[in-house]
Number of protein chains: 2
Amino acid sequence: MSTQQQLLNQLKTAGYKLTPQRRAVIAALVKSANPVTNQSLHAALKPDHPEIGLVTVYRTMALLDKLGLLCRFNYGDHISFRAGPPEHHHHLVCRGCGNVVDFTDHCPLELQSAVERNTGFRITEHTLEFAGYCRSCQEA
Amino acid sequence: MSTQQQLLNQLKTAGYKLTPQRRAVIAALVKSANPVTNQSLHAALKPDHPEIGLVTVYRTMALLDKLGLLCRFNYGDHISFRAGPPEHHHHLVCRGCGNVVDFTDHCPLELQSAVERNTGFRITEHTLEFAGYCRSCQEA
DNA sequence: TTTTATGCAAAAGATTTGCATCACG
DNA sequence: CGTGATGCAAATCTTTTGCATAAAA
């Protein structure tokens with residue numbers, strides 16, 4: 001099942017209505033390879049859906065966020081989002097084209113244990129993000 | 001040499017003036033154990049330095065950021081900063097009290113190599129952040 | 001004295017809210 | 001149909017800029 005279909009199902013299951021606006025926002029979100037902001041998403045929707053208001057984009061994204069269907073990105077000056085798999089995963093970001101690849105394997109667990117021993121913290125979560133240049137951007 | 005003194009020296013060396021306002025902003029920044037936003041820093045300064053304008057806080061922090069003297073935090077809804085050691089390091093954040101501990105050892109380099117092999121990326125940087133509860137917050 | 005920094009006020013952006021209308025289910 | 005969703009406009013922030021004044025070096 002596609003990411004898009006999953007998002008729609010989750011919305012429906014949670015008791016929210018599947019309006020044309022929400023469908024369009026989700027389609028645009030899933031279609032974008034790079035993380036989006038509410039503003040950038042609204043701009044992307046404008047050509048095909050000029051009738052969709054910025055407010056609706058804000059509200060739809062807030063909804064998806066509340067349902068835990070988004071993952072957050074922290075690079076750049078604004079917080080941005082992407083439709084994300086609900087499983088724990090890490091990000092690999094291309095500094096050239098901005099595309100994001102997920103990878104779910106290899107959590108730094110030994111490192112986590114070492115840090116717990118050294119600091120006395122009980123560690124409950126971690127985020128790991130690699131950045132660099134993808135194959136195509138290295139050639140360019 | 002204290003972090004505070006280092007920041008002042010860096011500013012001076014870069015040719016910027018050491019005004020009372022900048023000294024106060026830097027003092028408050030260094031004093032805070034948790035990451036700050038421009039707004040929170042301005043609020044923290046208000047009792048002792050009501051004369052310092054929000055604009056000056058924005059400008060001072062932008063300056064420190066430009067000189068690479070801050071590190072960025074991504075948790076929460078706003079981007080926040082802390083005076084940071086210029087060396088590459090990772091963060092360990094306490095979800096209880098918000099304090100941050102740096103650690104510089106143990107970069108996930110084998111993992112990085114594995115990801116490079118699997119994806120064809122050339123990886124140039126990474127961020128790793130652990131979060132959990134510090135010793136005192138576990139007891140509480 | 002010269003150049004830069006500050007603070008106010010205003011402008012520009014970003015986000016949230018109130019409310020009447022519309023439309024999914 | 002009824003309830004929740006939308007879109008507009010207005011209200012709130014947040015952040016940036018212009019400009020006259022103040023003060024570091």
Side-chain angles (χ1 to χ4, degrees), chain A residues 4-5 7-29 35-67 69-70 72-81, chain B residues 4-5 7-29 35-67 69-70 72-81:
Chain A
Q4 180 164 353
Q5 203 42 248
L7 292 177
L8 293 171
N9 287 348
Q10 301 256 15
L11 266 195
K12 185 184 229 172
T13 302
Y16 295 98
K17 293 180 180 172
L18 295 187
T19 66
Q21 290 91 333
R22 284 179 177 163
R23 288 173 189 278
V25 169
I26 287 173
L29 170 66
V36 299
T37 61
N38 291 310
Q39 302 273 351
S40 77
L41 198 48
H42 180 243
L45 282 165
K46 209 157 225 172
D48 285 340
H49 301 277
E51 76 282 4
I52 297 183
L54 178 57
V55 189
T56 296
V57 177
Y58 269 95
R59 287 193 276 227
T60 303
M61 293 298 282
L63 192 54
L64 296 176
D65 191 28
K66 189 176 71 174
L67 295 176
L69 306 176
L70 300 180
R72 230 161 231 263
F73 282 76
N74 304 309
Y75 283 119
D77 277 345
H78 300 283
I79 291 171
S80 52
F81 297 95
Chain B
Q4 181 164 353
Q5 201 44 247
L7 292 177
L8 293 172
N9 287 348
Q10 300 255 17
L11 267 195
K12 186 185 228 171
T13 302
Y16 295 99
K17 294 180 181 173
L18 296 187
T19 66
Q21 291 91 335
R22 283 178 179 164
R23 289 173 188 277
V25 169
I26 287 173
L29 170 65
V36 299
T37 62
N38 291 311
Q39 302 272 353
S40 76
L41 198 49
H42 180 244
L45 283 164
K46 211 158 222 172
D48 285 340
H49 301 278
E51 77 282 3
I52 296 183
L54 179 56
V55 189
T56 296
V57 176
Y58 270 94
R59 287 193 276 225
T60 303
M61 292 298 283
L63 191 54
L64 295 176
D65 191 29
K66 191 176 71 177
L67 295 175
L69 306 176
L70 300 180
R72 231 161 231 264
F73 281 77
N74 305 310
Y75 284 120
D77 277 344
H78 298 283
I79 292 171
S80 52
F81 297 95

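Residue numbers begin at 1 in each chain, while the letters A, B, ... track the order of the sequences.
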| task | Find the distance A:His42:NE2 to C:dA14:P and express it as a whole number of Å. | result | 12 Å
| note | Rounded to whole Å, NZ of B:Lys12 lies from P of C:dT4 at a distance of 17 Å
| Interatomic distance where CD belongs to A:Glu51 and C1' belongs to D:dC8 [whole Å] | 15 Å
| said: I'd like to check A:Leu11 versus A:Ile26 (side-chain heavy atoms, cut-off strictly below 4.5 Å). Are they in contact? | reply: yes
| query | Does NE2 belonging to B:His78 count more than 12 external heavy atoms closer than 6.0 Å? | reply | no
| said: Just to verify, what does B:Arg23 make a side-chain hydrogen bond (donor to acceptor under 3.5 Å, both in side chains) with, not counting sequence neighbours? | reply: none
| Between B:Gln21 and D:dA24, does any side-chain N or O lie under 4.0 Å from OP1 or OP2? | no
| said: Distance check needed: D:dA22 C1' versus B:Lys17 NZ, whole Å only. | reply: 10 Å
| Base, sugar-phosphate alone, or nothing: which one does B:Arg59 contact when heavy atoms must sit under 4.0 Å apart? | base
| Starting at CG of B:Leu8 and ending at C1' of D:dA25, how long is that distance when rounded to a whole Å? | 16 Å
| task | To the nearest Å, give me how far apart CE (B:Met61) and C1' (C:dT6) are. | result | 18 Å
| query | Starting at the 5' end of DNA chain D, which residue's closest nucleotide do you reach first, B:Gln39 or A:Val55? | reply | A:Val55
| query | Tell me: OH of A:Tyr16 to C1' of D:dA5, nearest whole Å? | reply | 12 Å
| For the pair made of CZ in B:Arg23 and C1' in C:dA5, what is the distance, rounded to whole Å? | 14 Å
| For DNA chain D, whose closest nucleotide is more 5', that of B:Leu54 or that of A:Gly53? | A:Gly53
| said: Does C:dT6 have its OP1 or OP2 closer than 4.0 Å to a side-chain nitrogen or oxygen of B:Thr19? | reply: yes
| said: Among B:Val57, B:Leu64, B:Leu69, which residue satisfies the side-chain contact (heavy atoms from CB on, under 4.5 Å) criterion with B:Leu29? | reply: B:Leu64
